[in-house]
Each structure stands twice: as C-alpha cells, then as structure tokens.
> 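Input: one structure, supplied below.
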Amino acid sequence: MKSIQTYKILQNEPLTQNVYKMILEGDTSWVTNPGQFINITIDTEYLKRPISLCDYDDSTLTIIYKVVGAGTSWMAKQEVGKEIEVLVGLGNGFTPQQSKHALLVGGGVGVPPLYRLCKDLIEKGVEVEVVLGFNTKSECFYENEFKLLGASVTVCTVDGSYGTKGFVSEVIQGDLKNYPYYSCGPLPMLKAVFDASNTQGQLSFEERMGCGFGACMGCSCKTLTGYKRICVEGPVMKSEEILWTKD
Amino acid sequence: MKSIQTYKILQNEPLTQNVYKMILEGDTSWVTNPGQFINITIDTEYLKRPISLCDYDDSTLTIIYKVVGAGTSWMAKQEVGKEIEVLVGLGNGFTPQQSKHALLVGGGVGVPPLYRLCKDLIEKGVEVEVVLGFNTKSECFYENEFKLLGASVTVCTVDGSYGTKGFVSEVIQGDLKNYPYYSCGPLPMLKAVFDASNTQGQLSFEERMGCGFGACMGCSCKTLTGYKRICVEGPVMKSEEILWTKD
Amino acid sequence: MDKRLSVTLSGWKLDNPVIPASGTFGFGYEFAQFYDINELGSIATKGTTKEARFGNPTPRIAECDRGMINAVGLQNPGIDEVIQTEFKKLKEVYHKKVVANISGFALEEYVECAKKMDKEDIVGILEINISCPNVKHGGMSFGTDPKIAAEITKAVKAVTTKPVYIKLSPNVTDIVEIAKAVEEAGADGICMINTLLGARFDLKTGKPIIANIMGGFSGPAIKPIALRMVYQVYKAVRIPIIGIGGIATAEDVIEMMIAGATAIQVGAENCRNPYACKEIIDNLPILMDKLGIEKLEDIIGRAHQ
Amino acid sequence: MDKRLSVTLSGWKLDNPVIPASGTFGFGYEFAQFYDINELGSIATKGTTKEARFGNPTPRIAECDRGMINAVGLQNPGIDEVIQTEFKKLKEVYHKKVVANISGFALEEYVECAKKMDKEDIVGILEINISCPNVKHGGMSFGTDPKIAAEITKAVKAVTTKPVYIKLSPNVTDIVEIAKAVEEAGADGICMINTLLGARFDLKTGKPIIANIMGGFSGPAIKPIALRMVYQVYKAVRIPIIGIGGIATAEDVIEMMIAGATAIQVGAENCRNPYACKEIIDNLPILMDKLGIEKLEDIIGRAHQ
Ligand SMILES: Cc1cc2nc3c(=O)[nH]c(=O)nc-3n(C[C@H](O)[C@H](O)[C@H](O)COP(=O)(O)OP(=O)(O)OC[C@H]3O[C@@H](n4cnc5c(N)ncnc54)[C@H](O)[C@@H]3O)c2cc1C
Ligand SMILES: Cc1cc2nc3c(=O)[nH]c(=O)nc-3n(C[C@H](O)[C@H](O)[C@H](O)COP(=O)(O)OP(=O)(O)OC[C@H]3O[C@@H](n4cnc5c(N)ncnc54)[C@H](O)[C@@H]3O)c2cc1C
Ligand SMILES: Cc1cc2nc3c(=O)[nH]c(=O)nc-3n(C[C@H](O)[C@H](O)[C@H](O)COP(=O)(O)O)c2cc1C
Ligand SMILES: Cc1cc2nc3c(=O)[nH]c(=O)nc-3n(C[C@H](O)[C@H](O)[C@H](O)COP(=O)(O)O)c2cc1C
Ligand code: FES
Ligand code: FES
C-alpha cells in the first residue's frame, strides 16, 4: 500500500566521502520486495527524492544514498532524532527466484538494493555471486556486509585501485554467464551486464520522476510488453521485456 | 550604517494573544534615533519584514510585532537562542525635540516605536502625554511600561472595554492640541491626529516594501518637499511636509 | 460534505471547486489508494488523443524552484482504450462525473474525440486542450491563434451537447483576445492556464535536463501569472472560468476565486503530494470561517467589485 | 579580480558578467554602503525617461512565492537630473561604465534620451527598455510588436555610437520574432527578460494588493521561463544576450550562460539581499573549480553545442 508516513532518523552516517547510510524508524508493513523504493520529502525542494531500500525489518528501513545535489545534501545534514516525511510503498522490486546460483551485479549506488535481495536469496538456499563496481577504492562500500551474508564477492574498480581493475561486465565470465542475474546501476553498466549474460535477469532502472506513484507519466519507458512506468511497473524490469538487442 | 547582521533571540514572548515582544542580542551601534526600523529575514518567505525598534541598549534590540501573516507567524515560532539575519540601520526615525510638553499618540502596533522616544524625551526633561489606542481590552499592552518611564498615559479602546471609549483623536482636547506631537499607527489614525492638533508633529508611516534600503522605489510617497522613500527619508515625516489638508 | 463549498459549472453542481488537473492525476484511480476520491469536486482526466501515444523521450521531468517542468507529451492509450479501460477502472472507485480532457493534432481529431466522449455518461465537461506545449504540429499553436481557437471550439460544439470548456495557453501576448474568440465561438467555459514554456540545464554536462529541451513549467511559482490572467479574462467574458496554475493550498483557492474563477484545478502539487486535493478540501471550511466567508460562491470575481 | 570571470559585450571587457538589473539597484550609490560596487561587472541604472516621473500609486510591491511583483512605474527624476545629479553621485563611488536604461512613451522620447546619454562617458551600453509592464501607453506594448520594436531600435541607433541593447518583454507569444526584428534593425545586443505580468489579491479584503492591480513579476520563480527564452533567442540571433530573470546564485549564472547569455543581470534578488551580486561574484570561481570550468566565456551557449 502506498501512503505518506513519518519516519524518525535513527542513524545517518557517511560510508565513504559522499555516500551515506540512513536508518529510519517507522512503518515497514508495506514492504513486499527488495528493490522497492521510497520517495523522501525534502523541506527545501519541490519534488521528493526516490531512494531504494537497502534493507528493512519490523520497524526500520535502511537506505544508502550518494550526495549529488540539493536534495541529497539536505538529507546528509539531517540529524538523528529528526522526523521526516516519506511516500512509501513504491515500485515492484526484485522477485527473488529459486535457483541453484544467482549473480548480483551492482554499480555505485546501485549496490544498496542488492543487499536485501542477497539476504533473501541466501535464505532460499541460493548460492550468490556478487560483483560490485566502483570508480575507485575510496568509493567502495558494503563488500564486507555482502560477505557476512555468505555471498561470494568480487569488487571491481575502474582505476584498479582496489579489487579487479575494470568494469563489472569483464568479471562476468564462464559459469557466471549462465546464472540468473539481478542488477542495479548506471545505464551503461546494465546494458553491459545484459550483453555479457547468456541467460535471463532482472534489471533495476532509474528515471527522473514527477510523482513516483504512477500519476504523471514522467518516468515512462517502452518495453516489449508495452509502455511501463519505472515508478509502478518498475523500477525492476525483466531482461525479456527490455527493448535492447545484444551488442 | 546599513548592514546585514546576525542577532540571537534572547526573548520571544506574547504580550497579548497576537502581539509578541522579541529581544535580540547583537550590534546596536548603528542606531541613531528612536523610530528607526529593521528588516528581518524570514526563512520561508521571499522578502524581509520591516519592524520598528521599540527599545535598545548597548547590546540588545527590542521589537514588538503583531502576528498577521506568514512572516510574523514564522517569527512567533522562533525559539530563544536561535540566530536570525537582520538588515539594520534603516529609516530616519523620530527627532526628539526640546519642548516643555510633548504628545505621543500610538495605535496598535504603532505603539512600540513611541516607547524609546518617550524615554528619550523624558530624559530631555520633556513632560510627555501618551495616548494609546487599541481595539479592545485584550489587545492592550505597554500602558504600564510608559507609566514607569514617568509619562502620563491615557488608553482608549474602540469598544470601550478599557480606558476611554473611542478613538485616540477624541482624547486630543484642550492643551494637548498645542503640544508638539509624535504619532505612529494606522493611516486613518495618523490623519485624525494631524487634524486634531493645532501644532506641528512627526508621523511615522508604513508602506509595503521591496528592499527597505532605498534601491527599488517600492515605498515612495509624494510630499510637499518632493518624492520621498518611506524606507530612507521616512518612515517619519514632519507634519509640515505631508500632502494633507485638515478636515 | 459542507454545502458552503458547492459551486456550479454550466448547470452541473459540484460539491466543491477542487478538481485535480489533467495529466497530474492519471485517470484518477491511482489516487483511490490514498483517499476516497469521491470527496473531490471532479477529476480532469489525462489528455486523450485519437490514437495511442507514447509521448516524448525521457527525461521528461525537471525540478524547479517551487515548481516543475514536464514534457510528457500527452502519453495516453488513445480514446477508445481510455473509454473502455480507463473510465471503467475509474468508475469502480469514483461515482461522479469527470472533466474529460482531449487533445488533437488536427481539427478532425478534436471532433472525433469529442464525438466519442459525448456518448459517455461519466463526462460532465469536455475540456479542449489547445495549449499543450509538449507536442509538435498542434497543441499550443492552436491556442496562440484566436481564429484557430474559435474554429476548434465551433467544430467541437457542433458534435456534442456536453458543456465545452477551452483550455488556454498562457504563452501568448494577449490571452483576453483568445478567451473572447472562444466565447464568441460558443465555448461554455474557459480553463486557464496550461503550463508556461520553460527549460532547465544541467550544470555539469551543459545539456538541457529535459530530452525535448523545453517543457511545460508549472507549480506554485506560476501562480501570480495565472491569477493575473484569470483576472483579465474574467473582466472580458461572461462564461465561467476554471482557474489553474500553482494552486497548492486552500488560500490559493480563495485567491483564484477572488480573481474570477468559479472552480479551480490542482496540477503539479498532486505530483509532490498525493493528498494535496484532499488537504485543500479539508482546509477550505476552516479558512472560510477565519475569513468570514459564508459560501464560496460569494467570492467568485470579488476583486472586480 | 579573477581573470577567468571576464566577458566581453560589444568590445567592452567586463571583469565579470554580473550586473545588477535596472530598477533594483537605484543609481548604484545606495549599495556602496554595503560593499565596494567596483567589484561588479557593471551596473544597469534605473529606467530613465525624458521627464521626471513619480510612477504609480502605492502599494507597488506584492510578495510572491520565490519572487515579487513590482509596479513602481518608472519613478525617476528625468534624464537631465539623472545625468547631472545621479550619475555624478555614482561617479564618486564607482569608476566603471554603466548600462544606462532608458524608457519612453513615444519614439521621440527614446531618441531624445539616447541623444543625451550618448554624450556621457559613463555610459557603456544603452539599454532600451521596450518592455515595462508598469506604464500605460507605451512601455510593454512597444515590446510586443516586432515592427515597433525595430523602429525604436533604428531610431536610437541613428543618434548614438554607443552599443544599443534592446530589453525584451517575456509577455509575448513569440519572443524570437521580436529578437530577430531588433537584430535586423541594428541592435548590438539583447537584454532579456523583463518582468512577467502578474497579480496578487488580498484574501481579507478581496482587493488586488498592488494599487495598479497588475505589476511585473520576477525573482527565482521565473528563472525557467527566462532560461527557455534565452535559449530560443540565442539560437536565432548572432548578437550577444544579457540574460535576466531569477538569477540569485552563482549556479544560476552558469545555467543562464549555458543557455546562451554572455552576461547576466540580477534583479529582485538585490531587493531581498543587498549583498546578492557580491556573493555571486565571490562564489563564481569556487563553483567554476567544482564544475571544471576554466574560463566563463567558454560556457556561453554551451547547451547549443
Ligand atoms: C527508483 C530510484 C531509486 C534510486 N535509489 C537510489 C539509492 O538507493 N541511492 C542513491 O544514492 N540514489 C538513488 N537514486 C537516485 C536518486 O534519486 C538521485 O540521486 C537523487 O534524486 C538526487 O537528488 P538531488 O537533489 O541530490 O540532486 P539534484 O540533481 O539537485 O536533483 C534535481 C532533480 O533531479 C532528480 N534526479 C537527479 N538525479 C537523479 C537520478 N539519478 N535518478 C532520478 N532522479 C534524479 C531529483 O530527484 C530532483 O528531482 C534512485 C533513483 C530512482 C529513480
Ligand atoms: C517601517 C515599518 C515599521 C513597522 N513596524 C512594525 C512594528 O513595530 N510592529 C509590527 O507588528 N508591525 C510593524 N510593521 C508592519 C509589519 O511590517 C507587517 O505587519 C509585516 O510585514 C507583515 O508580515 P507577514 O508576513 O506576517 O504578513 P503578510 O501579509 O503575509 O505579508 C505579505 C507581504 O506584505 C507585507 N506587509 C503586510 N502588511 C504590511 C504592513 N502593514 N506594512 C508593510 N508591509 C506589510 C509584508 O512585509 C510582506 O512583504 C511595520 C511596517 C513598516 C513598513
Ligand atoms: C505532469 C503534467 C502533465 C500534464 N498533462 C496535461 C495534459 O495531458 N493535458 C492538459 O491539458 N494539461 C496537462 N498539464 C497541465 C496541467 O493540467 C495544468 O494546466 C498546469 O500544470 C498548471 O497547473 P499547476 O501549476 O497546478 O501545475 C500537465 C501538467 C503536468 C505537471
Ligand atoms: C523593483 C523593480 C523595478 C524595476 N524597474 C525596472 C526599470 O526601471 N527598467 C527596466 O528595464 N526594468 C526594470 N525592472 C525589471 C528588472 O530589471 C528585471 O528585468 C526583472 O526584474 C527580471 O529579473 P529578476 O527576476 O532578477 O528580478 C524592475 C524590476 C524590479 C523588481
Ligand atoms: S514518476 Fe509519475 S508516473 Fe512515474
Ligand atoms: S522599499 Fe525599496 S526603496 Fe523603499
């Protein structure tokens, strides 16, 4: 169910220079899937800001966000104890599939939504290969958190300052090409993952949003199965419905 | 000197249901005359809000304001200790004249700027008659404060619920008509005082302002001595220069 | 329901003057999950064209100071699908009539859509959008020429018995001239304003934020322009005006009605706050008490007295 | 002074592109008490007419969401007094050239003012305001007709060797058409935009807040409209544009230059913050470093690349 709720900030701390982790206390009964998102009211800006769920339990939501502009700067300045207004219940999220293996590929702030997904898959008994891509060492986060869940983790950095040098797609070799995949990150990364894999997967997309709940048609995209709204029928799309041809 | 300064709120308390007294700590070296005003930055609104000085000393400014709209509502909500940004050094203010007697006539939130003026006049040895007009008993404030300065005070209420029933102008009888006067309040009151008096006085005017410091010509008025800006050549005008004819 | 809020548009009595604006409320039913949409005065449905349209490429949205730019470009499933699927879904949760917004790229398209809408009981008013800034060949350019505006009005009036309201563009030198032209051509009312053409640029890339470069700017930022135009048009015509542009609070509704509007529409604000219309309706009686307004209808055009 | 900020308007090299807009900075010297106004790129002086004018009745100011309406109506002491008294006072504290803004109610008035300004060394650019919404008979109506706009341009060009910049009204259907007309007529540059016509109403009294009913609306709220128009006109003309409308921060300056402006003017923001222009100039180099902009001139019209 979509609704506007008030959440209390329990934690708001930097993971890297620009990336923050925020824990919010409040209603979480609306969550149905990992990869869903919330839309945060920013006191100083007109529109809300969409941020994916990284994790959740009975009374808290965890999000991880990168400071890129006015809205996320405001978020970074909010203090523990402050209450914020959030539109919740948004998006379809990932559907964790039963399978022997799964490949999770995240880039930058595309990493967070994969965390809860990884947890759910491992709980289902799936063996999870996680590939995380960042620009450089100082921007890396959550490698250890994924390892603690029991996943096998590879980190790539574009400049080679940590882990494997290069793009995440270069790591998708051998067996990994045949694992059902789940991916979230910048568009070129999603496309590279789509191209590298020999099987089907779920990809999480971003788009500038007006409303975030299906009213304005601001976030539409064309798919093989018709027009979709990233905020309602997405953000997660199945690889089968995407209008891409393999490069 | 005009400048933008930061002031810390030392006190912000209601005097009546809608009228608040605020004490601000900070630079006061710019004050030259009672009746000058400051222009307060309101976080939520575009333009600043002009409010007259009620009193001042080496390190504090006192203002009294009525909650009428968005800006003054915001002011009423600010807590002690908060710092606010204020444009100071504005307006000419009253020029306290040496004379045996003086008549001070204030209406509603026109009363505050007369307080410091009264103090200054009494210090000069002037015998001060103060007439304060309000709508009704519950809206009255500062009668006692003026008495404590040593002034003789008459309060009028329009509905007669306190003091003399009627408008301030009705009290201006006998000798009072010949005392140099100083007045601040709604336009009809100023006109009535102007009409009732047989001598000269100083009147403080209000106008909607763009800048408050002389740049935009938003607050102009015509006088016998040319065009004046209420925010620079005013808010206080001499009765001799006003374009009124006695009724 | 508070009888003091009721207003009448061409004989149709609305419980209150608050109508979500076309394009910002989908076909209404998305909002039923937030509150009972039967509380609304009515609903202006998403701009409908003869054929299905995907609209413009994304990004279609850019944020602004107290407003937003949209370049959706009339995405809709086409009139047949709107009537068969969207209106049907809406009727399951909503039991009043709608303001059905139609757009076209040629006179014939408006006429065809009007004919089809004319048969639908759910349609209380036909809102003819001659002012969409987001589509080439048509849309706004119809709304900037009084002659074409009048022609469309006449053609639509000829094929429907529903009240026809023309939705005007603010991107013109003289909106009064166009309002008078459509009144003369038989329009039953005027909806104004549509969005103002605007643009934003990305400081890092130097590129326009909207894929289409320009889009329609709306939200609280444009309210003073909308108020001015409603004031001017009220003075010049006798047909009712639905005031649109920057309405976000009960105060805004009163101000727009004072300027001359009989009812109002809420656009961008629905995007940022799905409860916007409900909050406005709830706050109206409280504000009316504070201002001493007995019935909302009393204040329509009060600035002109 | 940071050389990276320098821009050139018709051969005149400005230290930076930041110019306070006409009407919001008096004749400049009022601001000398706040900071050294020689830090400014230049100053656009208050709209000057042949005769002294009091302007419109008060109230002349109404606050808006992120902006304000003014209906000052060109209050000024008349051109002779401006030159003899105001420019003289300004020269005591300011040693650069100004953008001298002139207005008129008939073609002859513009010509006469231009002739007198032509003799003044302090005048770097003549800014011809054909777009003031606050005066009857003239002002804005000149700026809505491409033919009249071109005529005024030609007539002024004939009597001055100073660069002539025409200040355009945004209250038009097609600003490009007018920009092209004045370019063709010989204009050396374009200043845009002037204010948008707007209105506000008092909820308690039901009366317009501005004594004149309508006035010119400006401030950050109008920025997306100004950006769009500058973008459109940059595409259509070859003469430089001074971008105006809603500029309040260094970010706004960069965005306006990306859209196509060579320099910019800051209007309403000077009223709410006398230090606005200084703060913008101080912040520009910091922002340029962050965005990797070497010289400001490099980004002019970058959105068009
Ligand atoms: C479904 C979804 C989930 C997301 N999840 C996350 C997440 O978990 N962590 C995270 O760091 N970021 C996430 N983002 C991106 C995040 O929404 C933007 O970084 C954020 O809105 C930027 O706001 P700002 O005010 O700081 O930037 P500004 O550039 O000042 O924002 C201006 C406008 O552009 C929009 N905008 C800017 N960048 C983006 C973007 N990349 N995507 C969508 N809108 C944008 C803003 O929402 C705002 O309306 C997600 C985006 C979407 C659509
Ligand atoms: C020189 C001067 C001195 C003043 N001194 C005092 C004082 O000591 N105490 C006091 O209570 N009030 C005083 N006022 C009036 C005070 O400025 C307004 O009541 C206040 O600006 C209202 O702001 P608001 O946001 O609450 O009201 P809103 O109505 O929401 O304000 C909207 C806009 O109108 C302007 N405005 C509204 N009412 C007035 C008014 N009466 N005069 C000028 N502008 C107005 C506001 O400044 C703002 O720009 C003074 C006004 C002037 C010009
Ligand atoms: C996202 C969005 C989509 C819109 N789509 C339409 C449309 O399809 N048809 C139409 O007539 N107006 C459309 N509009 C214009 C609105 O109905 C309204 O006229 C305008 O937004 C001004 O109101 P506002 O300031 O409250 O947003 C749209 C506006 C927005 C913000
Ligand atoms: C109080 C005020 C007075 C103005 N007077 C003039 C004027 O005399 N001549 C003129 O060309 N423009 C005048 N303008 C318009 C500004 O110069 C500028 O074009 C407009 O305000 C848009 O910029 P802004 O959004 O930064 O305010 C005035 C604007 C304001 C706010
Ligand atoms: S953002 Fe409005 S429909 Fe998706
Ligand atoms: S308010 Fe701007 S000159 Fe007085």
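Proteins come first, then strands; the chains are lettered A, B, ... in the order of their sequence lines, and each starts at number 1.
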> Which atoms form the tightest heavy-atom contact between B:Arg208 and D:Asp202, and what is the distance?
NH2-OD2, 4.5 Å
> Heavy-atom distance under 4.5 Å to chain D: side chain of B:Lys48, backbone, both or neither?
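Looking at B:Lys48, just its side chain touches chain D.
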> Which bit of D:Phe27 comes within less than 4.5 Å of chain B, counting heavy atoms only: side chain, backbone, both or neither?
neither
> Heavy-atom cut-off 4.5 Å, strictly under: side chain, backbone, both or neither for B:Glu45 against chain D?
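Contact with chain D is through both the backbone and side chain of B:Glu45.
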> For D:Phe31 and B:Ala215, work out which heavy atoms get closest and say how close.
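It is CE1-CB, 3.3 Å.
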> Would you mind checking which part of B:Met217 comes under 4.5 Å of any heavy atom in chain D, side chain (CB onward), backbone (N, CA, C, O), both or neither?
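It is both, since atoms from each part get that close.
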> For D:Asp65, which atoms come within 4.5 Å of any heavy atom of chain B: side chain, backbone, both, or neither?
neither
> D:Glu63 side chain to B:Tyr46 main-chain N or O, any donor-acceptor pair under 3.5 Å?
yes
> Go through B:Cys221, B:Ala70, B:Cys219, B:Gly212 and name the one with the most non-hydrogen pairs under 4.5 angstrom from chain D.
B:Cys221
> Please report the interatomic distance CG(B:Leu87) to CG(D:Asn273), rounded to the nearest 0.5 Å.
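Spacing of CG (B:Leu87) from CG (D:Asn273) equals 9.0 Å.
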> To the nearest 0.5 Å, what is the distance between SG on B:Cys211 and CD1 on D:Ile61?
8.0 Å
> How far does CZ of D:Arg272 sit from CG of B:Asn39, to the nearest 0.5 angstrom?
11.0 Å
> So how far is it from B:Phe213 CZ to D:Asn270 CG, rounded to the nearest 0.5 Å?
7.0 Å
> Which bit of D:Tyr35 comes within less than 4.5 Å of chain B, counting heavy atoms only: side chain, backbone, both or neither?
neither
> Which heavy atom of D:Phe54 sits nearest a heavy atom of B:Lys222, and at what distance?
CD2-CE, 3.2 Å
> Who wins among B:Ser220, B:Gly210, B:Gly89 for the most heavy-atom pairs under 4.5 Å with chain D?
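Among B:Ser220, B:Gly210, B:Gly89, the one with the most close pairs to chain D is B:Ser220.
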